[in-house]
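Proteins get letters first, then strands, A, B, ... in listed order; numbering begins at 1 in each.
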Protein chains: 2
Amino acid sequence: MTEQATPSPEAIKAWARLMRVSRQLIEHAEEALKEGGLPPLAWYDVLHELAEVGEGGLRPFQLIERTLFAQYNISRLLARLEADGLVEKLPVADDGRGQTIRITAKGRDTRRRMWSVYGRSIAELVGAKLSVDQLNMVSALLGRLRHPPASD
Amino acid sequence: MTEQATPSPEAIKAWARLMRVSRQLIEHAEEALKEGGLPPLAWYDVLHELAEVGEGGLRPFQLIERTLFAQYNISRLLARLEADGLVEKLPVADDGRGQTIRITAKGRDTRRRMWSVYGRSIAELVGAKLSVDQLNMVSALLGRLRHPPASD
DNA sequence: TCTATATAGATGCAATTGCATTAACTCTGG
DNA sequence: CCAGAGTTAATGCAATTGCATCTATATAGA
């Protein structure tokens with residue numbers, strides 16, 4: 001656990017597992033969405049954040065903070081979402097540079113349909129593989145790898 | 001732990017942590033490599049596999065199995081690696097379609113230099129955050145999420 | 001107020017990825 | 001031996017990502 005230039009075998013193994021498993025899970029979920037004729041995971045992430053905050057919406061830079069997507073990525077993703085009528089861009093009164101992004105009814109509907117597929121993937125790939133205690137253990141351990149570390 | 005269409009809150013949280021943490025770690029490692037003027041992680045994955053098997057080399061389809069990259073992705077990645085002189089493509093005697101990919105001396109050197117940066121990231125981001133027992137716990141839990149599940 | 005600096009978001013262009021297809025070869029059954 | 005099916009790898013083209021830069025507005029300081 002001490003800082004080293006060369007990681008311990010245990011650290012390497014944990015890292016390798018994390019890389020491989022996350023890639024596999026993402027690929028599976030992405031594939032399930034595609035099979036359902038639904039948009040990719042990235043769209044879900046944004047729609048989810050927007051659905052959670054409701055009518056107030058979010059500024060693009062807030063979405064960047066929450067989703068970890070790059071600025072140019074969000075900019076273009078929002079353009080696509082808007083083109084599909086899933087979100088709307090509103091000017092913001094006290095800052096002429098900015099805009100507020102709000103999810104539309106169609107956006108909520110799409111998010112719901114995505115969740116029915118995405119949620120099933122989560123249930124199958126994670127929920128069905130570990131007990132509740134084990135899931136909590138995973139969350140806690142991964143929480144310590146997060147930046148900033150999670151307390152729980 | 002029973003199969004459900006809607007995942008438990010614990011499963012959702014574990015999934016969310018996994019997605020976020022893996023993204024963050026990859027981003028950090030990728031950034032460190034870039035700052036060192038080194039190629040991206042994907043190159044390391046391939047060079048690592050090739051370095052491990054030695055002079056015998058690997059067929060592209062074997063790299064696909066090991067790295068989980070898509071076929072077209074490997075095909076083009078190998079073209080770039082070859083263009084940089086990091087690997088060489090050899091015809092394979094008993095299968096006229098195929099080729100064997102072998103890492104070159106320059107490839108080994110690049111891999112080593114990448115590891116000096118990549119390894120440090122692993123040590124800092126994972127090794128320094130959890131005890132050996134915790135690292136083993138992470139590996140074991142994630143191993144059960146893998147497909148096929150790992151035994152250890 | 002005016003200038004310099006910082007922040008919000010968009011965009012041109014190059015590199016990469018994803019999708020579908022293709023080319024070349026191998027294998028199997030008749 | 002041959003036709004058909006399968007496997008291995010490459011590639012044309014569209015979509016996305018990454019990088020650097022740009023525009024517009026806001027804010028701080030002289």
For this session: Drop me the distance from A:W43's CH2 to A:D84's CG, to the nearest 0.5 angstrom.
Result: 4.0 Å
For this session: Look at the side chain of B:E30 and the backbone N and O of B:L41, then say whether any donor-acceptor pair between them is shorter than 3.5 Å.
Result: yes
Problem set entry | For atom CD of B:Q62 and atom P of D:dT7, their distance in whole Å | 16 Å
Problem set entry | Between C1' of C:dT7 and CG of A:D94, the distance in whole Å | 14 Å
Exercise. Is a salt bridge present between B:R108 and B:E55, judged by a nitrogen-to-oxygen distance below 4.0 Å?
Worked result: yes
For this session: In whole angstrom, give the distance that lies between atom CZ of A:F69 and atom P of C:dG9.
Result: 16 Å
Seminar exercise, completed: Correct closest heavy-atom pair for A:P60 and A:Q99 would be CD-O, 3.3 Å
Problem set entry | Between C:dA8 (P) and A:Q99 (CD): distance, integer Å | 12 Å
Exercise. Could you state the CD-P distance from B:E82 to D:dA9, rounded to the nearest angstrom?
Worked result: 14 Å
Seminar exercise, completed: Going 5' to 3' through nucleotides 11-20 of chain D and flagging B where a protein heavy-atom sits under 4.0 Å of the base, S where only the sugar-phosphate is that close, and - otherwise, we get BBB--SBBB-
For this session: Report the relative orientation of the aromatic rings in A:Y118 and A:W115; use parallel for angles under 30°, tilted for 30 to 60°, perpendicular for over 60°.
Result: perpendicular
For this session: Grab the two heavy atoms, one from B:I122 and one from A:A11, that are nearest each other, plus how far apart they are.
Result: CG2-O, 4.0 Å
Write out a two-atom table: protein N or O, nucleotide N or O from nucleotides 2-6 of chain D, distance below 3.5 Å.
{"from": "D:dG6", "atom 1": "N2", "to": "B:R97", "atom 2": "NH1", "distance (Å)": "3.0"}

For this session: Take the protein atom CD1 of A:I74 and the nucleotide atom P of C:dA10, then report the distance between them rounded to whole Å.
Result: 11 Å
Exercise. Measuring from B:L77:CG to B:Y72:OH, what's the distance to the nearest 0.5 Å?
Worked result: 12.5 Å
For this session: Whole angstrom is fine here: how far is it from CD1 in B:I101 over to C1' in D:dA10?
Result: 12 Å
For this session: In plain terms, say whether A:R20 and B:D45 are close enough for a salt bridge, that is, a side-chain N and a carboxylate O under 4.0 Å apart.
Result: no
Problem set entry | Phosphate contact (C:dA8 OP1 or OP2) by A:K89 side-chain N/O below 4.0 Å | no
For this session: Mind calculating the distance between CG (A:D95) and C1' (C:dA8) to the nearest angstrom?
Result: 7 Å
For this session: Mind listing the closest non-hydrogen atom pair of B:L47 and B:L81 along with its distance?
Result: CD2-CD2, 4.4 Å
